[in-house]
Amino acid sequence: MKPVVRFAPSPTGRLHIGNLRPALLNWLYALKHDGTFILRYDDTDLARSTQEYADGIATDLAWIGIHPHKVFKQSERFALYDAACDKLRKDGRLYACYETADELDRRRKRQQARGLPPIYDRAALKLTDAEKAAFEAEGRKPHWRFLLDAKTVQWDDMVRGPSHIDCASLSDPVLIREDGAYLYTLPSVVDDIEMGVTDVIRGEDHVTNTAVQIQIIEALGGKVPRFGHHNLLTDASGQGLSKRLGHLSLAGLRDDGIEPMAVASLAVLVGSSEAVRPIPAMQELAVIVDLDRLSRAPAKFEVSELEHLNAKLLHATAYADVAPRLAAMDVGGGEAFWLAVRGNCTRLKDAAIWWPVVNGAVEPVIEDHVFTDTARSVLPPAPWDEATWGVWTKAVKDKTGASGKALFMPLRLALTGLEHGPELKALLPLIGPERTVKRLKGEIA
Ligand code: GLU
């Protein structure tokens, strides 16, 4: 059976490299197994979810190269959640509670003072109809809890292997708040069942939810999917990545000129047994990434790694893959220019720094005019190609006796006006005889 996976962000912020991790692990899994990838907006929190964030997430996913097969919004599916709750109520698995947050807090403190675990004591189960009516008359609205079975739930985690949680140690989870809003737990389960999700791949911060959700799935008569909980991405200091971490937001990285596959490679290879390296294509990454090769420890990364990966990725990028973007930057020179300068690009926009070096105008830097005049006098005849540089510099060396840096640096400074840059062997034919002659004379060209 082909897998059905889902990425279920709450549209209450933009994507960053941390919450991109589950998106990618699901996408790569779907790619590898020819499955279906669902993008589901967990937007039941109507106060905090916005369409703007949902659109932003879609933009970020498209940029990184994730193209969902189906898109759903939970806010359009309340009827399904209502029906599921009716069933649970009828079966005695969903019960009304009237405690205020303050009352619950005091109760927890008393339990802790007596050395007991702060688990909800199910007092609401003992309420009579008259007591409930009295609360309602007081203006209290119920919140609703799922009645957990006091059993150990087991599953074979796709990342962590055999896993279990003793639900007797958990409070009955609140599924519906007193204002009637659904918390994340139930809609997620209802949708996973209804959408035929076969594999739930998400962060290990959801491990406890999984035990609860497996019980809810069973109570609803659904088929329990496989679960995989990946380690979470942290910065170098071990801090988790919060949603509002601007500079690591996908939009921020895109604006900073970081390539999507550099971000994607880092987001999934860090914290795995694979070396972190830039993988140029999603399909290739899908072959490499394996859930059971993720580490159990947090996936720590240095922000500077991204820049490094970006440079490495560009150094190996074919001209065809960047040609339209170079054209949009008014950088010409075709493939030969790109191949000459890509090794000097940390970001694609760096190509624009080198374009004037080839296309003019360069202000030559000449300290020793006798040397550059001599060099000019032994320039090989056109047409020039990549062998020209070697022929020319040998002639200059023979004529002047200069070698090493004393030979190359004055030529580089005269031809480019800069001390560092792409290999002159590749640049020289692009600069061409006419400009070369002018620059060697010290003219701006
Ligand atoms: N909206 C939840 C989150 O962003 C989804 C978790 C899940 O994948 O079930 O954490």
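Counting begins at 1 with the first residue of the sequence. Only a predicted model underlies this, so the values are computations on that prediction, with no experimental measurement involved. Both ligands and their constituent atoms are indexed starting at 1 by order of listing.
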Charged N to carboxylate O under 4.0 angstrom, [X] versus [Y]?
X: D55; Y: R14; result: no
X: R77; Y: D191; result: yes
X: R226; Y: D156; result: no

* **Heavy atom of R6, distance to ligand 1 below 4.0 Å** => yes
* Heavy atoms, side chains only, cut-off 4.5 Å: are L248 and L253 in contact? -> yes
Can you sort out which atoms of ligand 1 are near [X], meaning under 4.0 Å from one of its heavy atoms?
X: R202; value: 7 (C), 8 (O), 9 (O)
X: D42; value: 1 (N), 2 (C), 5 (C)
X: S188; value: 9 (O)
X: S10; value: 1 (N)

* Taking non-hydrogen atoms only, is Y184 closer than 4.0 angstrom to ligand 1 via side chain, backbone, both or neither? -> side chain
* Is the distance between the ring centroids of H206 and Y184 less than 6.0 Å? -> yes
* What pair of heavy atoms forms the shortest contact from A23 to L61, and how long is it? -> CB-CD2, 4.1 Å
* Asked: For A8 and ligand 1, does the shortest N/O to N/O distance drop below 3.5 Å?
  -> yes
